[in-house]
Amino acid sequence: MNFPADFLRNIRSTFGAEGQRWLTDLPSLLAMAAQKWGLRLGEPLLLSYNYVTTAIMADDTPVVLKIGVPNHEFSSEISALRFFNGDGCARLLAADDEKFMFLLERLEPGEMLVSLADDDMRTEIACGVMQQLWRPVAEGMPFIKLGDWFAELKNLRSKYAGGSGPFPAGLLARVEHLLPDLLAESGSPILIHGDLHHFNILSSSRGWLAIDPKGVIGPPAYECGPLLMNPIPDFPYLPGAIRQTERRIAILSEHLGFSRENIRDWGLCHAILSAWWDLSGAEPGGEYALAFADVIARAGN
């Protein structure tokens with residue numbers, strides 16, 4: 001099979017030797033899924049860190065097949081899809097947890113939220129999807145914890161000999177100061193999407209719905225961060241990015257009930273975390289997230 005170069009690089013740089021083994025096994029995994037669920041496989045969709053393809057079931061139902069490298073994040077996605085049960089997101093149709101593969105309702109027409117020209121409308125639609133998704137969960141369920149993501153930032157200063165490296169010193173100090181209170185602000189555990197943005201919200205016969213939930217337990221206001229930072233690859237570089245960010249924050253506050261300051265703080269924390277993830281990988285990066293960190297730090301000031 002001929003895979004895109006970016007897809008191969010993502011898998012190898014993120015998952016190392018295990019990712020290479022998975023790439024070698026991927027043709028047999030696809031054949032296994034086709035036989036298990038009676039599928040006629042179609043064309044792959046945008047490939048980043050998982051193999052995702054259209055497919056048709058034996059009864060001609062259009063579906064999406066997704067197969068991932070074995071990891072906790074993929075398992076959390078399957079668990080989140082089960083938990084949401086089609087409310088606010090695409091419906092899980094079948095899954096093989098041990099093989100890290102599942103079938104998903106194919107959303108049609110499947111237009112991405114980013115395709116809408118009116119940014120106010122896009123933000124309001126995203127608010128509606130968030131409100132459908134968020135719900136309390138019991139302790140001990142197999143989801144990602146937001147605190148674990150942000151705990152990774154404890155390694156940042158040691159990587160840069162006690163300094164801030166490419167991170168603006170003032171913004172990093174501000175995030176370090178904010179995080180303890182932000183992470184403690186939610187009482188009962190709440191399950192959120194964790195990566196809800198303009199490319200993960202699609203149109204369907206059931207309305208606008210989310211795809212690719214990370215399945216994260218944490219304060220719901222964090223959900224605003226990924227939305228504010230998108231759409232990539234150019235949002236923070238637009239001439240009106242600060243004003244547009246302020247407008248988005250106002251809409252999010254009005255619809256979701258969070259203070260504007262709370263939304264700004266989570267947006268900044270998410271930007272710094274995203275930059276850390278980029279800079280921790282095998283490939284250079286982080287510029288986009290740091291550019292947005294500057295934008296949101298200046299918004300409202």
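Remember, predicted model here, so these are calculated numbers, not experimental data. Heads up: numbering here begins at 1 and tracks the sequence.
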Spacing of [atom1] belonging to [X] relative to [atom2] belonging to [Y], to within rounding of 0.5 Å:
| X | Y | atom1 | atom2 | answer |
| --- | --- | --- | --- | --- |
| I201 | I211 | CD1 | CD1 | 9.5 Å |
| I251 | I125 | CD1 | CD1 | 11.0 Å |
| I263 | I249 | CD1 | CD1 | 6.5 Å |
| D25 | M32 | CG | CE | 8.5 Å |

Between [X] and [Y], is there shared hydrophobic-cluster membership here, with clusters defined by ILVMFWY side-chain heavy atoms closer than 4.5 Å?
| X | Y | result |
| --- | --- | --- |
| L103 | I56 | no |
| F150 | L268 | yes |
| I78 | L29 | no |
| L273 | L183 | yes |
| L92 | F83 | no |

- With sequence neighbours left out, write down each residue that passes salt bridge (charged side-chain N to carboxylate O under 4.0 Å, His left out) with E124, or none if nothing qualifies. none
- Message: According to salt bridge (charged side-chain N to carboxylate O under 4.0 Å, His left out), who are the partners of R82, at least two apart in sequence or on a separate chain?
- Response: D97
- Item | Non-neighbouring partners of R122 that pass side chain to side chain donor-acceptor pair (under 3.5 Å), sequence neighbours left out | D119
- Query: Any idea how W276 and F167 line up, ring-wise: parallel (<30°), tilted (30 to 60°), or perpendicular (>60°)?
  - Reply: tilted
- Aromatic plane relationship, Y288 with Y237 - under 30° parallel, 30 to 60° tilted, over 60° perpendicular: perpendicular
- Message: Distance to the ring centre below 6.0 angstrom and angle to the axis at most 45 degrees; does that hold for R248 and F235?
- Response: yes
Considering non-hydrogen atoms only, spot the tightest contact between [X] and [Y] and give its length.
| X | Y | value |
| --- | --- | --- |
| H193 | A210 | CD2-CB, 3.7 Å |
| A33 | M101 | CB-SD, 3.6 Å |
| A90 | L81 | O-CD2, 3.6 Å |

- Test item: side-chain donor near acceptor, W134 and E223, under 3.5 Å: yes
- Message: Please tell me whether S274 and H270 have a donor and an acceptor in their side chains that are separated by less than 3.5 angstrom.
- Response: yes
So, does [X] use its side chain to make a donor-acceptor pair with the main chain of [Y] at under 3.5 Å?
| X | Y | value |
| --- | --- | --- |
| R135 | L133 | yes |
| T54 | V64 | no |
| R174 | D265 | no |
| T245 | A299 | no |
| S79 | F143 | no |

How about [X] and [Y]: do any of their side-chain heavy atoms sit closer than 4.5 Å?
| X | Y | result |
| --- | --- | --- |
| D294 | P236 | no |
| F74 | K66 | yes |
| L65 | L104 | no |
| K99 | I67 | no |
| Y160 | L279 | yes |
| E108 | P62 | yes |
| V69 | F100 | no |

Indicate yes or no: does [X] engage [Y] in a salt bridge with an N to O separation below 4.0 Å.
| X | Y | answer |
| --- | --- | --- |
| R40 | D60 | yes |
| E77 | K214 | no |
| R260 | E246 | no |

